[in-house]
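Predicted, not measured: the structure shown is a model, and the values here were computed from it.
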Amino acid sequence: MTRVLRRIREARQRPDDGIAIVAAIAVVALVGVLVVVTVGIALTEARQTGRDRQRSEAVAAAEAQVTTLTAQIQAAAPTALASLCGTIPTTSTVGRDTYTSSTTVTYYNAAGTAVPCTALATTTVSQAAIKTTSTSSRISGTQAARRTVESLVRLTPHYANNLDKAIFSDATMTVSNKTVLASKSGTPDADIYTNGDFYCRNNQEYHGSIYAQGLIKLEAQCTVSVDAWAKGNVEATNQSASIGGRALSSNGNVSLNKTPVGQQARARYTASGDVCATAGKCFSNVVVDAPPTTSFPQLTWDSGAAAGWASHGYTNVVTFPQGNFQCGWYNPPGNQDLVGADGQTRNLNGKADGVGAWLYANAFKLPGPTIVVNTCANDRVTLQGIDIVPNNDIVLISRAGFTFSSNTTITAKAGTATAEDPALLYLIQPSVFQGATIGCSGDGIALDNQVTVDKTVNTLLYSPCSIRKANKSEIVGQVYSGKSVTVDNQLDMTYIPMPVWGGLSGSSTVSSYGVEVQYTRETTP
């Protein structure tokens, strides 16, 4: 009995033992819940971080595919564009993630019409739309990351004809003052070639090379971005001149004075100048290859040439003299007043020949690409302060040549062309006209004073005779002269190769495309 009473007293002295056990169990349970919650949060955060990473990588994969295709389009010949057209699947791996990309490439012509992939080898295109959607592999418990990038690329055709120089002169070329020759492509490919001498007189920039079968003389502030390469001497007489590439003379001397040279000066005889104090910069008495030789390309006009142009859409042919526009039109009685593109009636007495007057009154309402043929033996196509506003491409064939002067401006009709998608204008005095070789009496083409061809119009000047630019002109295109080229003052010229579809020895097919990205942006799939 005594033992039982003692145990009862001991139990009364420890009343919290059962509660402590319950509390311990509760703490363990709470810790377990916290562990589960923490692990769940960690797993959720890990999945979210992984998905965010995949989203970033997916857009990067899409952008990379767009960039790759843009570069491939630029490097491809038109015959290879079919393989870079339509739907193109690709797969890439970043770490443990795999990305499946689907790209759609669509090409458009100048009218904005989609061109079938099978027609790209024979159709000139102006734009390419690239759209890539990249999809990641799926992380457990999440959806796959998907991002889409699109890009619009402007394509400028490069033609495989033998008119590949910005300016060609078959005799001496002289440029006197304030000339800038750049390239529409943005690369230094605006080359000058002369089978005579080249003289740069003052304040000029050439974004390309100069090739001369005679000498090259840079007399003042003349900048040549790439090479000055002559058969004769290369001379620079002013410290403001500069040559970004090489100064080369295959049969003469290189005299640089204080002119800097980006690469080397190499001469058959003596290479001299301040730059030669730098070791490895100048080399005298070495063998230097002669500059490449190019003959003046012959362009003829006959039925075969007309057929070549017609096959590319130039089916509207207007031949002069015709109707009221006869040879010797300069002062026709009762026929001087004509309505121009601005709707105003203007008296053209003495300011235009028959062809020039017809262009003033009709160039803004042509039914399509047009060839205008001037057969008058002694009448140059003449515009003296008379503007023309073409609404379409025009090929002007003039047996006697061209004279534009006195603030004449040529601008594409509003809404028909832009600087990015210009109209084409050809001023061609052919070497052979309907079987007869053209003789030269003075300049074949003369742009006498403030003649501006707006950037909405690309222009080819071609004549077997001399071409002269007297004062303040703007041109986007090319100049080809079978004799001399003379620029008296202030020429602002941008080089872009022009297609010639008939009458020219050589091919005029598109060989490649220049690429200019208009935009790249993320979009919806």
inquiry  = Give me each pair satisfying disulfide (SG to SG under 2.5 Å) with a member in residues 166-195, each pair once, sequence neighbours excluded.
reply    = none
key: S169 (side chain) donor-acceptor with V485 (main chain) under 3.5 angstrom   = yes
task = Output yes when R468 and D448 qualify as a salt bridge under the 4.0 Å nitrogen-oxygen rule, no when they do not.
result = yes
task = Please confirm whether Y107 and Y513 have ring centers closer than 6.0 angstrom.
result = no
query = Have S255 and N253 got a donor and an acceptor in their side chains that come within less than 3.5 Å?
reply = no
message = Given 3.5 Å as the limit, does a donor-acceptor pair link the side chain of S126 with the main chain of L155, or not?
response = no
ask   = Are K165 and D191 close enough that some pair of their side-chain heavy atoms sits under 4.5 Å apart?
value = yes
task = Please report the shortest heavy-atom distance between A182 and A190, naming the atom on each side.
result = O-CB, 3.5 Å
request  = Taking all non-hydrogen atoms of both residues into account, name the closest pair between C282 and V275 and its distance.
outcome  = SG-CG1, 3.9 Å
message = Quick one, L163 and M498 - any side-chain contact, counting heavy atoms below 4.5 Å?
response = no
ask   = Taking side chain as C-beta onward, heavy atoms only, is N392 less than 4.5 Å from T370?
value = no
key: T382 side chain to A352 backbone, donor-acceptor under 3.5 Å   = no
key: Side-chain heavy-atom pair D227, I243 within 4.5 angstrom cut-off   = no
ask   = Taking atom types as modelled, is there a side-chain donor on T409 or T411 under 3.5 Å from an acceptor on the other?
value = no
ask   = Looking at L491, V487, N203, which hits side chain to side chain contact (heavy atoms under 4.5 Å, CB included) with N177?
value = N203
request  = Could you name each residue pair satisfying disulfide (SG to SG under 2.5 Å) that touches residues 453-498, not counting sequence neighbours?
outcome  = C440-C465
key: Audit row: T179, Q204, side chain to side chain donor-acceptor pair (under 3.5 Å) steps and yes/no   = CA-CA 5 Å; T179 289; Q204 295 162 43; 4.8 Å; no
ask   = Do other residues, nucleotides or ligands put more than 12 heavy atoms under 6.0 Å from K184 NZ?
value = yes
request  = Could you tell me whether a side-chain N or O of K281 sits under 3.5 Å from a main-chain N or O of Q263, the two making a donor and an acceptor?
outcome  = yes
request  = Would you confirm whether Q65, through its side chain, and T103, through its main-chain N or O, come within 3.5 Å as a donor-acceptor pair?
outcome  = no
request  = Using the side chain to side chain contact (heavy atoms under 4.5 Å, CB included) rule, take N374 and L396 through it: C-alpha gap first, then chi angles, then the decisive distance, then the call.
outcome  = CA-CA 8 Å; N374 173 31; L396 293 178; over 6 Å; no
query = Heavy atoms, side chains only, cut-off 4.5 Å: are T293 and Q213 in contact?
reply = yes
note = On a heavy-atom basis, the closest approach of I88 and V105 is CD1-CG2, 4.1 Å
query = Where is the tightest heavy-atom contact between D421 and A110, given as atom of each residue plus distance?
reply = OD2-O, 3.6 Å
query = Is there a donor-acceptor pair under 3.5 Å between the side chain of Y495 and the backbone N or O of D164?
reply = yes
key: Nearest non-hydrogen partners of N458 and K455, listed with the distance   = OD1-O, 4.3 Å
query = For V66, does its backbone N or O pair with a side-chain atom of S151 as donor and acceptor, under 3.5 Å?
reply = no
Polar side-chain atom of E219 near backbone of C200 as donor-acceptor pair, under 3.5 Å = no
ask   = For I445 and L427, which heavy atoms make the closest approach, and how far apart are they?
value = CD1-O, 3.7 Å
query = Under 3.5 Å, is there a donor-acceptor pair between the side chain of W309 and the main chain of G502?
reply = yes
inquiry  = side chain to side chain contact (heavy atoms under 4.5 Å, CB included) for V355 and S398? Distances and angles first, verdict last.
reply    = CA-CA 9 Å; V355 175; S398 177; over 6 Å; no
task = Would you list the pairs meeting ring pair (Phe, Tyr, Trp, His ring centres under 6.0 Å) in which at least one residue belongs to residues 275-300, sequence neighbours left out?
result = F168-F296, F296-Y462
ask   = Is the side chain of Q518 donor-acceptor paired with the backbone N or O of E516 at a distance under 3.5 Å, no angle test?
value = yes
message = I'd like to know whether CG of N285 has more than 12 heavy-atom contacts from other residues, nucleotides or ligands below 6.0 angstrom.
response = yes
